[in-house]
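See structure below.
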Protein chains: 2
Amino acid sequence: MLSIGDLSKRTGVKVPTIRYYEQMGLIEAAERSEGNQRRYERHDLERLAFIRHARDLGLDIPAIRELIALSQHPDQPCANADRIAADHLIAVREKLEKLKKLEHELERIISHCDGHSIEDCYVIRALSDHGLCEGEH
Amino acid sequence: MLSIGDLSKRTGVKVPTIRYYEQMGLIEAAERSEGNQRRYERHDLERLAFIRHARDLGLDIPAIRELIALSQHPDQPCANADRIAADHLIAVREKLEKLKKLEHELERIISHCDGHSIEDCYVIRALSDHGLCEGEH
DNA sequence: TCTTGAAGCTCTAGTCACTGGAGGAATTAT
DNA sequence: ATAATTCCTCCAGTGACTAGAGCTTCAAGA
Ligand SMILES: [Zn+2]
Ligand SMILES: [Zn+2]
Ligand SMILES: [Zn+2]
Ligand SMILES: [Zn+2]
């Protein structure tokens, strides 16, 4: 039987975050001690590690909720789980594309400034006029 | 003299967002009509385009506020403006690195699933065990 | 057993950059 | 003159936490 603090230390998830996950329905409401304190067991540890890992991979809470629900039905096909992951990969790739464009523009803008006065600053000028940009973003 | 709606149409910035920028101190409080409605001029249009462009490049509001303040002093050196852009580029590159790792892990995870039952689903198994991952993230 | 300090509880509010709605006033078009 | 549109202010909600206030419970040492 672990206290919420023990669970926190073992998983690296902060105490208020564990309570938040419970509120969001990712973790079942834990059993309580006589004095109303949460008491956890091994399977809560595993559940929390699952959530933490999914969050680290960038999945949002509704997606994780769905994955947990799916994982309760081992005999069902896993097409939905695979689709959640695939959709997320698509979203990650879209963000990557945007960030690459930003990186490119920022590099270009910074390298074009000779670093003298604000009046001539290419950073300021480029921000004032998207026409100076090479691509869209 | 433009109404807030005109300004919105010309810049593509939504009306509540323009009011929000005013509240955040990015735009000076506009003059008002007799009936208390905001009236804008050309330089507000330019200011808003500057803000919009800076936001599109991912700069946050405090950074934009500082850039606007700097741009009011054309004779000063532009080191601070350049530093803001450079710091932002560093932040963008860090995000890029993280996203590339995520993309890689997600690709790997998805490709390892044979798409049959939840019980064997590699997506679920990989989420349950970071040890199955190739790298950190 | 008593006491003290750490850790737990609930509830509320703050983060960031907006976005939307309610309820009412002003402006514009017919 | 009337109707339609736009404007005003204020408040609340988004996502995923995070922090604090004010109180209770727990664990350990004297
Ligand atoms: Zn410069
Ligand atoms: Zn641009
Ligand atoms: Zn699968
Ligand atoms: Zn992993």
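The figures here come from the full heavy-atom set of this structure, side chains too, leaving out hydrogens, waters and symmetry mates. Here is how names work: the chains are called A, B, and so on, in the same order as the sequence lines, proteins then strands, and each is numbered from 1.
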Next item on the list: Start with the C-alpha distance between A:Y122 and A:R108, add both sets of side-chain angles, then the distance that settles side chain to side chain donor-acceptor pair (under 3.5 Å), and finish with yes or no.
Entry: CA-CA 10 Å; A:Y122 195 83; A:R108 200 185 53 78; 3.3 Å; yes

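Under the 4.5 Å side-chain heavy-atom criterion for Ile, Leu, Val, Met, Phe, Trp and Tyr, A:I90 and B:L96 are members of distinct hydrophobic clusters.
OP1 or OP2 of D:dC17 has at least one side-chain nitrogen or oxygen of A:Y21 nearer than 4.0 Å. Considering only side-chain N and O atoms, B:S3 lies under 4.0 angstrom from the phosphate OP1 or OP2 of D:dC7. Of the side-chain N and O atoms in A:S33, one or more sit less than 4.0 angstrom from OP1 or OP2 of D:dC26.
Distance alone, capped at 3.5 Å, places no donor-acceptor pair between the B:S117 side chain and the A:Q76 backbone. The main-chain N or O of A:I124 is found under 3.5 Å from a side-chain atom of A:S128 such that the two form a donor-acceptor pair. Here the side chain of B:E134 pairs no donor or acceptor atom with the backbone of B:E105 at under 3.5 angstrom.
Separating the CD atom of A:E34 from the C1' atom of D:dT25 is a distance of 11 Å, rounded to the nearest angstrom. A straight line from CE of A:M1 to P of D:dC26 spans 13 Å, rounded to a whole angstrom. The distance from atom CD of B:E22 to atom C1' of D:dC10 is 14 Å, rounded to the nearest whole Å. Taking atom OH on A:Y20 and atom P on D:dT18, their separation rounds to 10 Å, with Å as the unit. Atom CD1 in B:I4 sits about 11 Å away from atom C1' in D:dT6, given to the nearest Å. The CG atom of B:L7 sits 10 Å away from the P atom of D:dC7 (whole-angstrom rounding). To the nearest angstrom, P of D:dC10 lies 10 Å from CG of B:N36. Atom pair A:Q37:CD and D:dC23:C1' shows a separation of 12 Å (rounding to whole Å applied).
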Mind listing the side-chain donor-acceptor pairs of residues 45-61 of chain B below 3.5 Å, one per line with the distance, residues two or more places apart or on another chain?
{"residue": "B:R47", "atom": "NH1", "partner": "B:L26", "partner atom": "O", "Å": "2.8"}
{"residue": "B:R52", "atom": "NE", "partner": "B:D56", "partner atom": "OD1", "Å": "3.3"}
{"residue": "B:R52", "atom": "NH2", "partner": "B:D56", "partner atom": "OD1", "Å": "3.3"}
{"residue": "B:H53", "atom": "ND1", "partner": "A:A126", "partner atom": "O", "Å": "3.0"}
{"residue": "B:H53", "atom": "ND1", "partner": "A:L127", "partner atom": "O", "Å": "3.1"}
{"residue": "B:H53", "atom": "NE2", "partner": "A:H130", "partner atom": "ND1", "Å": "3.2"}
{"residue": "B:H53", "atom": "NE2", "partner": "A:H137", "partner atom": "NE2", "Å": "3.4"}
{"residue": "B:R55", "atom": "NH1", "partner": "B:L59", "partner atom": "O", "Å": "2.7"}
{"residue": "B:D60", "atom": "OD1", "partner": "B:A63", "partner atom": "N", "Å": "3.0"}

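Each of A:K14 and A:G35 was assigned the nucleotide of DNA chain D with the nearest heavy atom; the assignment lying further toward the 5' end belongs to A:K14. Residues A:L59 and B:G5 each lie close to DNA chain D; by heavy-atom proximity, the contact nearer the 5' end of the strand is made by B:G5.
Across all strands shown, B:R19 has heavy atoms under 4.0 Å from base atoms, whether or not it also approaches the sugar-phosphate.
Qualifying side-chain contact (heavy atoms from CB on, under 4.5 Å) partners for A:R93, counting only residues two or more places apart in sequence or in other chains: A:L89, B:E103, B:E107. Contacts of B:E22 classified as side chain to side chain donor-acceptor pair (under 3.5 Å), with partners at least two apart in sequence or in another chain: B:R38. With sequence neighbours left out, the side-chain contact (heavy atoms from CB on, under 4.5 Å) criterion links A:N80 to A:L70, A:R83.
End-to-end axis angle of the helix from C:dT1-D:dA30 to C:dT30-D:dA1, using five pairs per end and rounding to 10°, comes to 10°.
Counting only heavy atoms from C-beta on, A:I61 has its side chain closest to D:dC17 among D:dC17, D:dC7, D:dC26.
Shown here is A:R42, whose CZ atom has no more than 12 heavy atoms of other residues, nucleotides or ligands within 6.0 Å.
Counting 5' to 3', DNA chain C first comes under 4.0 angstrom of a heavy atom of chain A and last does so at the ends given by C:dG8 to C:dT10.
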